[in-house]
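One structure below.
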Number of protein chains: 2
Amino acid sequence: MPNKHVKEMEALKEHLGKHQLKLTRQRELILSAFLRQEHITAEAMYHQLAKSDPHLGLATIYRTLNLFCDAGLAQARHFGTQTQYDNISHKGHHDHLICTDCGKIVEFENCDIERLQEEVATQNGFIIKTHRLELYGLCSRCRH
Amino acid sequence: MPNKHVKEMEALKEHLGKHQLKLTRQRELILSAFLRQEHITAEAMYHQLAKSDPHLGLATIYRTLNLFCDAGLAQARHFGTQTQYDNISHKGHHDHLICTDCGKIVEFENCDIERLQEEVATQNGFIIKTHRLELYGLCSRCRH
DNA sequence: ATTGAAATTGATAAGCTGTCTCAAAATGAT
DNA sequence: ATCATTTTGAGACAGCTTATCAATTTCAAT
């Protein structure tokens, strides 16, 4: 596990400890692979890891990615018929423009929107931990 | 069909005419029910209409809602494991502040955020049809 | 280091949502 | 009214995700 993933590893361990869960070889392996991606599906990770670990089950991948969501390391996003698991640390504050016709996804970042979100939260007594902003529409090619 | 839905009915007829499709009792019924909602799932509409029309098939609902998407009256949005069909004519978007601790949900609306969203979309050549904004955090009670 | 209760895994069955199939019915142009 | 074409309803089917469960692994307490 690269050094730069130590922080996430610690976050996972903390979550495991709090919930009487155990650190397994598979969880370490999947975390390591997950942190290298910006976002990935369970199926894609299954095929990716099959090379180095042929007996890693698909159910374990799903269970572990959902665990990462609980631990705040990942965020599930449903698009089409599949679920994308977004890497929170990569994401930082990236949001998505999604073409409903061809499925194209454009990532963007907008500080002004972030600031307004904070404002709205403060007005309502909230402290924001994460957010999800998705804009659905047609990309330049599909709108014709 | 209420008078206020005449415009949508005409839009549907125009689409049907252009594509050699036919206006059926079911399509009228489903349109009428759909226009009364801000958004709905196929399953929910199935149960809702089952009372007045027990033999209306679920497949027909799906087919018809997808037809509405093609006709520009509806917009499909994947939410959780299900597909929400949004009523395009309802413009009043409410976004959500969600407390991850107690589950409290506060709805809000912010024109400035909406405007910035349009800006971002335009910069990327997109035309927005719908969006989804959720802020996750702790509400005033739970943050202590 | 060993033990043992509790959690996890892998393989697969089951569940859910949405689409496809096809014979019967409805539509609408003629 | 006729008839080619489209649509419907019911259920089969397909894709993605979760549940089941015996075998294995983890880890805290010896």
Side-chain angles (χ1 to χ4, degrees), chain A residues 9 12-31 33-34 39-71 74-86 100 103, chain B residues 9 12-31 33-34 39-71 74-86:
Chain A
M9 190 66 220
L12 176 60
K13 280 184 185 168
E14 190 184 329
H15 179 83
L16 295 175
K18 275 185 186 164
H19 296 80
Q20 295 168 292
L21 304 174
K22 292 172 178 176
L23 181 62
T24 63
R25 184 181 61 79
Q26 290 88 340
R27 285 175 178 170
E28 282 192 276
L29 177 66
I30 294 170
L31 179 61
F34 176 68
H39 47 73
I40 194 167
T41 65
E43 196 78 29
M45 178 166 281
Y46 180 63
H47 288 117
Q48 187 175 305
L49 293 180
K51 294 160 194 162
S52 54
D53 201 331
H55 292 293
L56 189 60
L58 182 57
T60 300
I61 309 255
Y62 274 108
R63 278 188 294 233
T64 304
L65 289 173
N66 287 334
L67 170 69
F68 293 169
C69 290
D70 293 341
Q75 191 171 73
R77 183 165 45 84
H78 301 277
F79 184 75
T81 59
Q82 293 203 126
T83 301
Q84 291 277 345
Y85 291 87
D86 293 354
T100 54
Chain B
M9 190 67 220
L12 176 60
K13 279 183 184 169
E14 190 185 328
H15 178 85
L16 295 175
K18 277 186 187 165
H19 295 81
Q20 296 168 291
L21 304 173
K22 294 173 176 176
L23 181 61
T24 63
R25 183 180 62 78
Q26 290 88 339
R27 285 174 178 171
E28 283 192 277
L29 178 66
I30 294 170
L31 179 60
F34 176 69
H39 48 73
I40 195 167
T41 64
E43 195 77 31
M45 179 166 281
Y46 180 62
H47 287 117
Q48 188 175 305
L49 293 181
K51 293 160 193 162
S52 54
D53 200 332
H55 292 293
L56 189 61
L58 183 56
T60 299
I61 309 255
Y62 275 108
R63 279 187 294 235
T64 305
L65 289 173
N66 287 335
L67 170 69
F68 292 169
C69 290
D70 293 342
Q75 170 74 51
R77 187 165 47 88
H78 301 280
F79 192 90
T81 60
Q82 294 202 135
T83 300
Q84 291 278 344
Y85 290 88
D86 292 353

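Naming convention: chains lettered A, B, ... in sequence-line order (proteins, then strands); numbering from 1 in each chain.
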query: Of all residues at least two apart in sequence or in a different chain, which pass the side-chain hydrogen bond (donor to acceptor under 3.5 Å, both in side chains) check with B:Gln26?
result: none

Distance-minimising heavy-atom pair for A:Leu21 and A:Leu67: CD1-CD1, 3.8 Å

message: The test is side-chain contact (heavy atoms from CB on, under 4.5 Å); show your working for B:Glu43 and B:Leu58 and say whether it passes.
response: CA-CA 7 Å; B:Glu43 195 77 31; B:Leu58 183 56; 3.8 Å; yes

message: Enumerate the ring pair (Phe, Tyr, Trp, His ring centres under 6.0 Å) contacts for residues 44-70 of chain A, please, sequence neighbours excluded, ordered by first and then second residue.
response: A:Phe34-A:Phe68

- request: Would you check, one step at a time, whether the test side-chain contact (heavy atoms from CB on, under 4.5 Å) holds for A:Met9 with A:Leu23?
  value: CA-CA 10 Å; A:Met9 190 66 220; A:Leu23 181 62; 3.5 Å; yes

query: For A:His19 and B:Arg25, take the nucleotide of DNA chain C holding the closest heavy atom to each; which residue's nucleotide lies nearer the 5' end?
result: A:His19

task: Give the C-alpha distance, both sets of side-chain angles, the deciding distance and a yes or no for side-chain contact (heavy atoms from CB on, under 4.5 Å) between B:Ile30 and B:Leu56.
output: CA-CA 10 Å; B:Ile30 294 170; B:Leu56 189 61; 4.3 Å; yes

- prompt: Of all heavy-atom pairs between A:Cys69 and A:Ala76, which one has the smallest distance, and what is that distance?
  reply: SG-N, 3.8 Å

- line: Residue set satisfying side-chain hydrogen bond (donor to acceptor under 3.5 Å, both in side chains) with B:Asp70, at least two apart, ordered chain then number -> none

message: At a heavy-atom distance below 4.0 Å, what parts of residues 61-69 of chain A sit against DNA chain D?
response: A:Tyr62, A:Arg63, A:Asn66

message: Quick check: closest heavy atoms across A:Gln84 and A:His39, and the distance to 0.1 Å?
response: OE1-ND1, 3.3 Å

query: Passes side-chain contact (heavy atoms from CB on, under 4.5 Å), B:Leu49 versus B:Ile61? Steps please.
result: CA-CA 10 Å; B:Leu49 293 181; B:Ile61 309 255; 4.2 Å; yes

query: chain A on DNA chain D: first and last contacting nucleotide, 5' to 3', under 4.0 Å to a heavy atom?
result: D:dC16 to D:dC27

field: Set of salt bridge (charged side-chain N to carboxylate O under 4.0 Å, His left out) partners for B:Arg63, sequence neighbours left out
entry: none

query: Taking five pairs at each end, how big is the angle between the two axes of the helix from C:dA1-D:dT30 to C:dT30-D:dA1, to 10°?
result: 40°

statement: Residues passing the ring-ring contact (aromatic ring centres under 6.0 Å, His included) test with B:His15, sequence neighbours excluded, are B:His19

- prompt: Taking any atom under 4.0 angstrom from a heavy atom of chain A, which nucleotides of DNA chain C are the first and last to qualify, 5' to 3'?
  reply: C:dA6 to C:dT12

query: Partners of A:Glu14 by salt bridge (charged side-chain N to carboxylate O under 4.0 Å, His left out), sequence neighbours excluded?
result: A:Lys18

query: Are the side chains of B:Thr83 and B:Leu65 in touch, meaning some heavy atoms are under 4.5 Å apart?
result: no

query: Taking for each residue the nucleotide of DNA chain D bearing the nearest heavy atom, is the 5' side occupied by B:Gln26 or by A:Thr81?
result: B:Gln26

- prompt: So which of residues 39-59 of chain B are in contact with DNA chain C, with a heavy-atom cut-off of under 4.0 Å?
  reply: B:Ala59

field: All salt bridge (charged side-chain N to carboxylate O under 4.0 Å, His left out) counterparts of A:Lys51, not counting sequence neighbours
entry: none

